[in-house]
Amino acid sequence: MQEMPKAYDPQSVEAPLYRMWMDKGYFRAKPDPDKTPFSIIMPPPNVTGELHLGHALTATVEDLLIRWHRMLGDPTLWLPGVDHAGIATQNVVEREIAKEGISRHDLGREKFLERVWQWVQKVRSRIVIQHMRLGVSCDWEREVFTMDEGPQLAVRTTFKRLFDEGLIYRGERITNWCPRCTTAISDLEVDHVETQGSLWYVKYPLLDDEGNPSADYIHVATTRPETIVADTAVAVNPNDDRWKHAIGKTALLPIIERHIPVIADEEVQPEFGTGAVKVTPGHDPTDFDIGQRHNLPIIVAMDAEAKMNEHAGPYNGIDRFETRKLIVADLEKLGLLEKREDHVSSIGHCSRCDTIVEPIVSKQWFVKMDPLAKPAIEVVRDGRIEIMPQRFERVYMHWMENIRDWCISRQLWWGHRIPVWYCNSGDMFACVEEPTECPKCKSKAIEQDPDVLDTWFSSALWPHSTLGWPNQTEDLRYWYPTSVLETGYDILFFWVARMIMMGLYNTGEVPFRHVYLHGLIRDDKGQKMTKSRGNVVDPLDLIEKFGTDAVRFTLATGGTPGNDFRLFDEKLEQGRNFANKIWNAARFFVQSAGEGRVQLPHDSHTAESRGDWPLEDRWIVSRTLSTAREVNRLLGEFQVNEAGRLLYDFFWSEYADWYVEMAKVRLRDGDNSPLPILAHVLQTSLRLLHPIMPFVTEAIWQHLRDHVDGLEEALIVAAYPTGEGANDPEAEENAALVMDVVRAIRNIRAERGVDAGRFVEAFVVSNGASATLEGARPVLESLARVRPLHFVADVSEAPSANVASAVLPEAQIVMPLAGLIDLAAERDKLSKQLADAEAQVSRLEGKLGNDDFRSKAPANVIAREEENLASTRSRAEALRTRLSELG
RNA sequence: GGGCGAUUAGCUCAGUUGGUUAGAGCGUCUCGCUUACACCGAGAAGGUCGAAGGUUCGAGUCCUUCAUCGCCCACCA
């Protein structure tokens, strides 16, 4: 039997308990064909570095759900994993080797990838340790990495299927190009920032019929003058009278002096700028489309790092923004710059490195999304997948319905290599296994595409690839579709939407039933936590400082699903204090139990079986039942925060503040009858709390087993209370009255300045509730520190001079407090209360006198209001009597 | 240009089928005897639930408009 220290010490408790859970194999998934499984595939953290608070939140919520279901007896699988995070990891490792003064090109592809793998090994183990510190009860034996063989096979199989069905294609398209990462990125990887910039008005000379520059100009407006060198046309709206005369003519491109046509295209908005637009199909998405329609040549005037190339004439080799300055100056010199205006526009930045993205035409691989999106829309519409909070379903729909093709090729080294080979005959083909020859011409001169896939491609397959797909494994059959996906709303499109599409495409089934989206965790000022701001908080630091349970409790209850929330020390202190409260409430029990063993009450399920128990016992047992029921309901609705709050309130404000104090009254008299009830409520609370606060509850559980019979060997596998059994409304009502009386007396004592320790005389006037109150005499005397305590049936039996009083709906308190009475204050207080009561009475009279209310409101509401009116009336009456006695 | 969210006590936030006199934590003010806990206990003060309309017997909760802040989506040069 071990002593419990005075304060809960997370540091000394957490690691041994986690080891115990692991050693006993409690985390291991055990399928049972007769039961409905509950499964979660953990969102794999990136191997870019440490876990952040978003991961901690995901881990908390998922662990909570898993522990809850495990205790309910459901077969549970929680499968952990790690993501190779292509571009992000490559960037991190590039920065690492830059410290040694080398670039990836110095190393070469193979050596560089070796360095990445070294990095991965290091970071993976840290992520695992961090997760363990958070108390996650996932099945570690099943941990998967996105670059493992299984996911590799799934990636290549999926690619080949899509390729063979024509849903993957390769084409020269305009894509977002990051000149720093030197790769194409998808639309989603571009962050748009409203930026104050300039709009330059430039005059292009029009050529006359002989092909010589005329005095006539066409005026264009541009925000990116450096792209002038790649213009292949000028476009105007066909209905624009100002420019009708120019359509079909030829303009002379300044500086480059190329002849370009003036064309008409509906896309051009006459209201903007001059109504004439320079067309640069190689460097602008809209212009690319116009170019396609008019068969314009495409000129790309920049290299991979966005330096101007040979197409840029005098600017060859110069950076794009430097070129912008130079060309503006040159145009001015030529007299072709008409004016400059301030102009705000939205500039795309690489979400990985914040470099300004350049739209550039290049050869890339794309997935045709429309056919994949349709079924994905369907499953959310018909409820096969539920997204919470529900408002995100609209966001999802909007994106799906306007979906654009997905650029999946990346000019990177780290990632899944595109499984396409080119034959020197000009053929290309996709393969699952590495081929040795071209399937068509049998040539051995084949070469694999050098590019890798967008990291989200493998992520999209995660729920089924981790379970063995494309093999039809037992795991896949049993655990798929998974139950819940928990992640941040910021990756709804990146990940959730794509998992739904690819899951349906590959398996014909949804990947998960429920999507639970959490908000962003912000700092105390509401700012996003970013490395550049330096306000990123490491979950481990918080765990060291407050304990894991405190962090989990705070994350789980501190906010609402889908909404951002601020995290700061005061919030975590609340969690820490709660853990300590639980610890000490248990400590009180353990001390009270002493050497003896306590039996749990063997029949507490029906109100009758508890009929002759003391009021406070009946009350707390009844309240425990409702709490258990409510917690299960809330968890079932994923209202994790409300479940946590409810448990907090129940445990602290009802069990600890009231029941334990009431139990002390009997215990002090040497009556040990509260012990079974204390044990019962305590162990039930521990079960209920365990999913949210696994460590403190398990630690206490192990202590409790020394004192209480019939407890399972470990709380993590103990049964979860569901609250079956009958409540005892009568006991709840009577206990409420007792507590009200105690509170009223305490209030008088405090207001009149009665010494805290002093016992004083009190009269409780009550008719209907006298038996209840008489039964609670020891509790009242002790908790309110009143003695002698008189129960009388009528106010006339209580003294009226020099008294302080309080009027409750079912009782009045009269306390003779010679020397402490301030008549004016007393009158004031009672008058105010009377005014409140009278206002209440007239409000209720009005309400109940309203025929509409009587005929339309439900009966129980009417009955309640009637009761309310009656008791408020008698309360007002009592107050008037008291006041008149005061004179 | 569309869409979404937030606006509730000094601060940070709950409040999910509309139904008693709107809650919590922190902070503030009093007081602290106790078989757990000062990471505590008792008592108190503090809110016209962003504004204006509307629906309803009844609105913090539903509808409309507006304001402020924040976010997402969008190829207007």
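Bear in mind that the values here come from a model prediction, so they are computed numbers and not experimental data.
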Response to the item:
Stems field, RNA chain B, Watson-Crick or wobble, 3.5 Å, at least 3 pairs, by first number, holds B:1-7 with B:67-73, B:10-13 with B:23-26, B:28-32 with B:40-44, B:50-54 with B:62-66
Worksheet item: Does any residue of residues 218-227 of chain A have a heavy atom under 4.0 Å from RNA chain B, and if so, which ones, in number order?
Response: Ala221(A), Thr222(A), Thr223(A)
Worksheet item: Under 4.0 angstrom, heavy atoms only, what part of the nucleic acid is Ala586(A) near: base, sugar-phosphate, or nothing?
Response: nothing
Discussion item. Tell me whether the side-chain N/O atoms of Trp399(A) come closer than 4.0 Å to OP1 or OP2 in G2(B).
Written reply: no
Discussion item. Once you apply a heavy-atom cut-off of 4.0 Å, does Arg394(A) come out as touching a base, just sugar-phosphate, or nothing?
Written reply: sugar-phosphate
Fill in: Intermediate values then yes/no, side chain to side chain contact (heavy atoms under 4.5 Å, CB included), Asn402(A) and His398(A)
CA-CA 6 Å; Asn402(A) 298 284; His398(A) 182 257; 3.5 Å; yes
Worksheet item: What is the nucleic acid contact for Arg746(A), judged by heavy atoms within less than 4.0 Å: base, sugar-phosphate only, or nothing?
Response: sugar-phosphate
Item to complete: Would you mind reading off the distance between Asp852(A) atom CG and A59(B) atom P, rounded to a whole angstrom?
Response: 13 Å
Discussion item. Let's see if you get this right: which residues in residues 271-282 of chain A place a heavy atom under 4.0 Å from RNA chain B?
Written reply: Phe272(A), Val277(A)
Discussion item. Per the salt bridge (charged side-chain N to carboxylate O under 4.0 Å, His left out) rule, what does the pair list look like for residues 567-584 of chain A, sequence neighbours excluded?
Written reply: Lys545(A)-Asp569(A)
Worksheet item: Any side-chain donor-acceptor pair under 3.5 Å between Glu189(A) and Ser186(A)?
Response: yes
Using atom types as modelled, flag every donor-acceptor pair under 3.5 Å from a side chain in residues 284-291 of chain A to any protein atom, sequence neighbours excluded.
from: Asp284(A); atom 1: OD1; to: Thr286(A); atom 2: N; distance (Å): 3.0
from: Asp284(A); atom 1: OD1; to: Asp287(A); atom 2: N; distance (Å): 3.1
from: Asp287(A); atom 1: OD2; to: Thr280(A); atom 2: N; distance (Å): 2.7

List, one per line, each side-chain donor-acceptor pair under 3.5 Å for residues 389-396 of chain A, sequence neighbours excluded.
from: Arg391(A); atom 1: NH2; to: Asn563(A); atom 2: OD1; distance (Å): 2.8
from: Glu393(A); atom 1: OE2; to: Ile387(A); atom 2: N; distance (Å): 3.0
from: Tyr396(A); atom 1: OH; to: Ala376(A); atom 2: O; distance (Å): 2.9

